[in-house]
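From a predicted model like this one, the values you see are computed outputs, not experimental measurements.
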Amino acid sequence: MKTESAVQFPTASRIHVALAVENLKQSEAFYRALFGQESTKTRAGYAKFEVVEPPVNLSLNAFGGETGPNNPVAHFGIQVKSTAAVEAVSDRLEKSGLQTRKEENVTCCYTVQNKVWAADPDGNQWEVYVVLDDEGAYHHSSQNNCCADLKQAVKEGDLTAAQAALRSEATTACGCGTGN
C-alpha cells in the first residue's frame, strides 16, 4: 500500500484551505491575480491553487448559493508528505483527548488520500492528509440531496443553522462538512 505523497512540495507541510464560492470563474480570476499563477487543477465546480510562496493548497468549491465573509468555511487542512506524518498528528490529537476520525484511501478533491479529521472548539473541521494519488475520479458524494440542510441555511443567510449543519452527521457522511 502506498504511504508517501504523490504530490511534491518544497516544505514539510503546507496549509490547505477549502473555500465555498458562488462563482468559480470569478474566484479563479481573483486567486490567479493574488497568487500570480494559474490554478494547478480544475474540474467541474472545483479549482485548486498549489502555491509555493506562501506555502498553501487552496481549493475553490462551487457552492451554488450565497457565500460571503460570514458564511461557513468548507474546512481547513494541513497537507503532509506521508501517512506516517498523518498518523503522528492523529496520535498527538488523541493523546490530547480530542476526538478524531480517520479515513484511508478516500477520494477527495479529485485525489486519493489518507487523512485524520478533528474539530476545533468552534466546530471548524481540520484535516491532516497525504495525497496518495493525484488523479482521483470523484470530488464529492453523488447523493442527490447531499448537504441539503447546509445549502438551505447558507441560501437563507442563517449562519447558526449552517454551522449546525456542518457539524451534523448527515453532512459529514456525504462529505460536505469534510471536503470529501
**Prompt:** Is a side-chain donor or acceptor of Ser39 paired with a backbone partner of Thr42 at a separation under 3.5 angstrom?
**Reply:** no
**Prompt:** Quick one: does Glu28's side chain get under 4.5 Å of Gln26's, heavy atoms only?
**Reply:** no
**Prompt:** Transitively linked via ILVMFWY side-chain contacts under 4.5 Å: Val130 with Val128?
**Reply:** yes
**Item:** Whether Ser90 side chain and Val86 backbone form a donor-acceptor pair below 3.5 Å
**Value:** no
**Message:** According to a hydrophobic-cluster definition based on side-chain heavy atoms being under 4.5 Å apart (Ile, Leu, Val, Met, Phe, Trp, Tyr only), do Val51 and Val131 belong together?
**Reply:** no
**Message:** Are Val52 and Phe49 linked, directly or through intermediate hydrophobic residues, by side-chain heavy-atom contacts shorter than 4.5 Å (ILVMFWY only)?
**Reply:** no
**More than 12 heavy atoms from other groups under 6.0 Å of NZ on Lys2** = yes
**Message:** To the nearest 0.5 Å, what is the distance between OG1 on Thr111 and CG on Asn57?
**Reply:** 8.5 Å
**Message:** If hydrophobic clusters are built from ILVMFWY residues whose side chains come within less than 4.5 Å, do Val80 and Val89 share one?
**Reply:** yes
**Item:** Ion pair check, Glu104 and Lys102, cut-off under 4.0 Å
**Value:** no
**Request:** Using a 4.5 Å cut-off on heavy atoms from C-beta on, say whether the side chain of Glu135 contacts that of Asp133.
**Result:** yes
**Prompt:** Looking at His16 versus Phe76, is the centre-to-centre ring distance below 6.0 Å?
**Reply:** no
**Request:** State whether Lys48 and Glu38 are salt-bridged, where the test is any N-O pair (Lys NZ or Arg NE/NH1/NH2 against Asp/Glu carboxylate O) under 4.0 Å.
**Result:** no
**Message:** Any non-hydrogen side-chain atom of Val21 less than 4.5 Å from a side-chain atom of Phe63?
**Reply:** no
**Item:** Any side-chain donor near an acceptor of the partner, Trp117 and Glu103, under 3.5 Å
**Value:** yes
**Prompt:** If you measure from OG1 on Thr83 to CG on Asn114, what distance do you get to the nearest 0.5 Å?
**Reply:** 4.0 Å
**Message:** Please give me the minimum heavy-atom distance between Phe35 and Leu58, naming the atom from each residue.
**Reply:** CE1-CD2, 3.7 Å
**Point-to-point distance, once rounded to the nearest 0.5 Å, from CG of Leu132 to CD of Glu4** = 9.0 Å
**Item:** Qualifying ring-ring contact (aromatic ring centres under 6.0 Å, His included) pairs, either residue in residues 87-109, two or more places apart
**Value:** none
**Request:** Take Glu94 and Arg92, measure what side-chain contact (heavy atoms from CB on, under 4.5 Å) needs, and give me the verdict at the end.
**Result:** CA-CA 6 Å; Glu94 290 170 2; Arg92 187 169 67 236; over 6 Å; no
**Message:** Contact between Leu19 and Tyr31 at the side-chain level, heavy atoms closer than 4.5 Å - yes or no?
**Reply:** yes
**Message:** I need the Ser82 OG to Glu87 CD distance, nearest 0.5 Å.
**Reply:** 8.0 Å
**Request:** Give a yes or no answer on whether the side chain of Lys115 reaches the backbone of Asn105 with a donor-acceptor pair at less than 3.5 Å.
**Result:** no
Listed pairs under 3.5 Å, donor-acceptor, residues 6-15 side chains, sequence neighbours left out:
unit_1	atom_1	unit_2	atom_2	d
Gln8	NE2	Ser5	O	3.3
Thr11	OG1	Ser13	O	2.6
Arg14	NE	Gln79	OE1	2.6
Arg14	NH2	Glu50	OE2	2.7
Arg14	NH2	Gln79	OE1	2.8

**Prompt:** Can you get from Leu60 to Val56 by hopping between Ile, Leu, Val, Met, Phe, Trp and Tyr side chains that sit under 4.5 Å apart?
**Reply:** yes
